[in-house]
Amino acid sequence: MRLLRVELTRFRARGAVRWTALGLLVVTMLLVFVAFTQARPMPAEEQAQMRALFEDQVDLWEAEGDEWVADCEERQAEDPASDYGCDQMAAPSWEDWVGQTPTFATTGQEQVSALPFAGVAFALLVGASFVAAEISTGAMGLWLTFEPRRSRVYWSKAAAAAIGALPVVLATFLLGVAGIYAVYAAFGRVGDTDATWTTLAHVAGRTLAAAALVALAGAALGAILRHTAAAIGVVAVWFLVVESLVVPQVQPELQRWLLRDNLGAWIFGGSEYAVPVCSITEQGQVCEYVQREITQTQGGLVLLGAVAALTVLAVVLFRRRDVS
């Protein structure tokens, strides 16, 4: 416990942690601003222009709608194998014309759903920098002269990164949710939130658990690669190239095991990914995308397994490798 308290103090004192926390705050405020642009009503002049266009379309339908439907039904009769959607032809409605009114309970959740990923990214960065910076600068070697038991040193640093990141992650999540809600409430567009707050409470709890695990993974990457820039580079290549480009194109079925999708499944109670299913028809090869599900349980287990594997490797290397 003494080592952990010392490491927590050092963690809070690091400039890199403070600057990264500030970056997370900026991202949170940007999401609130995005919510503002989504929630604010359309200016009166634009509404008047859209209303005029809508009324023109209504007049056009009243004048020629019957003829359009008759022509459609005639083409349908000539080509019964096709579906021209004649039964769906109807007069334009104002709701369809302007779209669904954005509310906190609907559109606002799109901005809220980005907050957990921002918090997890923060935990990864501070976990990696907290360990890697001390190794690359030689401070770790000096510290080991005071506490030579390497396992205790590693675990105290990893635990400090996991624990120290949580207050920032929680604070920015709550701030982001409050800001996004306030924006929609200011315009009277809250919507039905009966189940929203319970869902958000569960998301917050799972986000904290994910942030703690990811901070441990960051600390492990810092110990393995020994440079913050190298750890960030490996993470960027993995998520931007391997998970976003290579796997979906080369082997789509492997998306089931990707860290990004499993992290989302854990935080949000499940996720989906698309897999192309192709068949040979008279027109040639026809492909359609089928949605596959990743459960919350699988997401948590995959995340836990990945962190455990990285941590074991980091501990072994930290105990055996020269860190001076």
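All values below were derived from every heavy atom in this structure, side-chain atoms included, with hydrogens, water molecules and symmetry-related copies excluded. Please read these numbers as outputs of a predicted model, since none were measured by experiment.
Here the side chains of Leu258 and Leu254 are not in contact, with every heavy-atom distance at 4.5 Å or above.
For an aromatic pair to be called close, the ring centres must be under 6.0 Å apart, and Tyr184 with Phe36 fails this. For Trp197 and Tyr181, the distance between ring centers is under 6.0 angstrom.
A donor-acceptor contact under 3.5 angstrom links the side chains of Asn262 and Gln298, judged on distance only. Side-chain contact check for Thr103 and Thr106: at least one donor-acceptor pair (N or O, by modelled atom type) lies under 3.5 Å. Side chains of Arg14 and Ser129: a donor-acceptor N/O pair is absent below 3.5 angstrom, by distance only.
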Could you please spell out the steps behind the side-chain contact (heavy atoms from CB on, under 4.5 Å) verdict for Leu317 and Arg320?
CA-CA 5 Å; Leu317 292 178; Arg320 296 171 179 266; over 6 Å; no

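Judged as a salt bridge (charged side-chain N to carboxylate O under 4.0 Å, His left out), the pairs with a partner in residues 231-257 (not counting sequence neighbours) are, in order, Glu253-Arg292.
The 12-atom threshold is not exceeded at OH of Tyr289, counting heavy atoms of other residues, nucleotides or ligands nearer than 6.0 Å. For Gln249, the CD atom sits in a loose shell: 12 or fewer heavy atoms of surrounding residues, nucleotides or ligands are nearer than 6.0 Å.
Neither Leu174 nor Val26 shares a network with the other; the hydrophobic side chains, linked directly or stepwise wherever heavy atoms of I, L, V, M, F, W or Y lie under 4.5 Å apart, form separate groups for each.
Looking only at distances, no side-chain donor or acceptor of Thr172 sits under 3.5 Å from a matching main-chain atom of Leu25.
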